[in-house]
Amino acid sequence: MSLKPQPPRPMPAEMAVLGAKLLPAASPYRLVGDQLYDQYHEADYADLYPAEGQPALSPVDLSLVTVFQALEDQSDRQAAESVRLRLDWKYALHLPLDYAGFNFSVLSEFRDRVRQHQAEARVFETVLGQLQDLGLLKRRGRQRTDSAAVLTKVRQLNRLELVVETLRLAVRALLAADPAWTRATVPPTWEERYGTRCVAERLSDQEQAELQAAVGPDGQWLLDRLAAPATPPALAALPEVQTLRTVWAQQYEVRAREVIFREPGPYDGTTRIQSPHDPEARYSEKRGQGWVGDKLQVTETDDDDLPHLITDIALTSSVESDQAALGPIQARQAARDVAPGERVADQGYVSGETLTNSDRVGEDLLGPAPADHSPQSRLPAGLTQDQFTVDVAQGTATCPAGQSAAHGRQRPDGSWQFRFAAATCATCPLRARCCTGRGGRTLTLGPYHARLQVARARQQTAAFRACYRQHRGGVEGCLSGLLRGQGLRVNRYVGRAKNHVRALFAGAAVNLRQAARWLAGVRPQVRRRGLGLAG
């Protein structure tokens, strides 16, 4: 496919008349058709296409169709049908009434092209820039950030199903890549053993035991054959074979030349593969609820006199903490020139490091600081770190009883450790509230201790509580709309990269809807609490 850039189409006269009569002012399709479509240029997508080849469909049309598809949570087939039949979609794209549409398969090809050229956020950023030009986004305003669980599209597997499915998919991939080698190497009896999808509940106890005893040695035997010098190197590099190698290393060990299941141990959610059908999906827990999949990170504006627009949306690993996600969020927003002056977030995003980094980029991170979980915090009237007087410049610490630390030193990571003499603490009347061991009190302060102390003092003020209560909860509505209205609760595709593209198009779609309603004079409803008898 090649691209010969064409200028934006003018609005057909008959479509202009019908659209003005039938489309409401608050329709996002009306907003695109009237104000935004002419600002899209095919030349901006020239880097995604080769210079020679069969002419491609307009990338502007495909971009906007993908946005509309995300707005209504449609499949590719439904979206292609909507382009062919729906007046509002044709109005937005300046298409004539008799436009016959295109084959639905070009939509997936377009998303793959965008992903392969690392242009996933291009449409999202274009829409955001257009709404900035319309004056709908305040520079350095207030924004709020939160995350939500996203479920993988694949079935959860038990341990036996995991290893059998991993081996089955590896054999299928080998057959597709090199049928001659695979048929000459793999025993024909595997057709009956691994030919169909493994569902453990359909097997008797004896069948499960036999399969469990066979699959480990079979997988290791295949890995040994793939590692042989005579094996084509390309086969060992197949993604399914690499997944097989990883799963066998995680699930099996060799004892006395026998391949046996590893004993259950500490769970490593960062690397543990949950399903060979989606090797990137990880198991995670939040507030006692576990899921296998990813995590959706969303940031939206929260200014009183402007619509709530999404300024950043990303799909990340479910095991990545919100604190780790905040830095990339801030970097993306800075690159788009939509960084907030104030960010409201929950405790998952707040730490001494994130507070310090936010100060560095001129952003006020407003959220509850992590609590002190030291043993003293669990004692009745326990003496915690904030009750000690610390002078980092002098390298001294003084306890509430007025005693100074005998030893104070700074560690390479920037933290400080102070040790109080055991003899001094032994006779101290506050010992029961301060020391939990036999020796003297040891005070360890992280490199961001001072910044955390400021944050903890701030969150005790009435102004902080009022602001946090007023502005924190609204982002839940944004997340709910994305998860339910745009269908982002469950990944539509296999692989985080594909679903990340989908999330970005969904973010652009929500922004168009919010902007269209705001420009038409529609304002968010204010819900009353109680009966409202007082007026």
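Quantities reported herein were computed from a predicted structural model and do not represent experimental measurements. Computed over heavy atoms, backbone and side chain alike; hydrogens, waters and symmetry mates excluded.
Checking Gln116 against Asp112 by side-chain atom types alone, no donor-acceptor pair falls below 3.5 Å. No side-chain donor-acceptor contact under 3.5 Å links Gln242 and Arg245.
Counting heavy-atom neighbours within 6.0 Å of Arg438 CZ, excluding the residue itself, gives a total of 12 or less. Sparse packing is recorded around CD of Gln156, with 12 or fewer heavy atoms of other residues, nucleotides or ligands lying under 6.0 Å away. Within a 6.0 Å radius of CD in Gln460, more than 12 heavy atoms belonging to other residues, nucleotides or ligands are found. Around atom CZ of Arg139, no more than 12 heavy atoms belonging to other residues, nucleotides or ligands sit under 6.0 Å away. Atom CZ of Arg484 sits in a sparse spot, with 12 or fewer heavy atoms from other residues, nucleotides or ligands closer than 6.0 Å.
No donor-acceptor pair under 3.5 Å is formed between the side chain of Asp337 and the backbone N or O of Gln333. Proximity of a side-chain donor or acceptor of Thr354 to a complementary backbone N or O of Tyr349 within less than 3.5 Å is detected. Listed for the Gln385 side chain is no donor-acceptor partner under 3.5 Å among the backbone atoms of Leu443. Without hydrogens or angle criteria, Arg378 side chain to His373 main chain gives a donor-acceptor distance under 3.5 Å. Checked by atom type and distance alone, the side chain of Arg140 pairs as donor or acceptor with a backbone atom of Gly362 at under 3.5 Å. Listed for the Arg282 side chain is a donor-acceptor partner under 3.5 Å among the backbone atoms of Thr270. Remark: the backbone N or O of Arg492 is paired with a side-chain donor or acceptor of Asn499 at under 3.5 angstrom. In this structure a side-chain-to-backbone donor-acceptor pair under 3.5 Å is missing from Glu342 to Gln143. Checked by atom type and distance alone, the side chain of Gln376 pairs as donor or acceptor with a backbone atom of Cys434 at under 3.5 Å. Although no hydrogens or angles enter the test, the distance criterion places a donor-acceptor pair under 3.5 Å between the side chain of Arg142 and the main chain of Asp302.
Thr311 OG1 to His308 NE2: the interatomic distance, rounded to the nearest 0.5 Å, is 12.0 Å. With values rounded to the nearest 0.5 angstrom, Glu280 atom CD is found 9.5 Å from Leu315 atom CG. Interatomic distance, SG of Cys425 versus CZ of Arg431, reported as 6.5 Å (0.5 Å rounding).
Between Arg451 and Asp359 there is a salt bridge, since a side-chain N of the basic residue sits under 4.0 Å from a carboxylate O of the acidic one. Between Glu161 and Arg197, none of the side-chain N atoms (NZ, or NE/NH1/NH2) sits under 4.0 Å from a carboxylate O, so this pair counts as no salt bridge. Ion pairing between a basic and an acidic side chain is recognised when a charged N comes within 4.0 Å of a carboxylate O; Arg472 and Asp146 show such pairing. Taking 4.0 Å as the cut-off between side-chain N and carboxylate O, Asp305 and Lys138 do not count as a salt-bridged pair. Between Arg115 and Glu120, none of the side-chain N atoms (NZ, or NE/NH1/NH2) sits under 4.0 Å from a carboxylate O, so this pair counts as no salt bridge. Between Arg502 and Asp73 there is a salt bridge, since a side-chain N of the basic residue sits under 4.0 Å from a carboxylate O of the acidic one.
Residues Leu482 and Ile310 form a side-chain contact, since some pair of their non-hydrogen atoms from C-beta on lies under 4.5 Å apart.
Considering every non-hydrogen atom in both Trp518 and Asp304, the closest pair reads CH2-O, 4.4 Å. Nearest heavy-atom pair, Tyr283 versus Gly290, reported as atom, atom and distance to 0.1 Å: OH-CA, 3.6 Å.
The side chain to side chain donor-acceptor pair (under 3.5 Å) test with Asp294 is passed by exactly one of Thr152, Asn491, Thr316: Asn491.
Both the sub-6.0 Å distance and the 45° axial angle are not jointly satisfied by Arg411 relative to the ring of Trp416.
Residue pairs that meet the side chain to side chain donor-acceptor pair (under 3.5 Å) test with at least one member in residues 247-259, sequence neighbours left out, are Arg159-Gln251, Glu253-Arg255.
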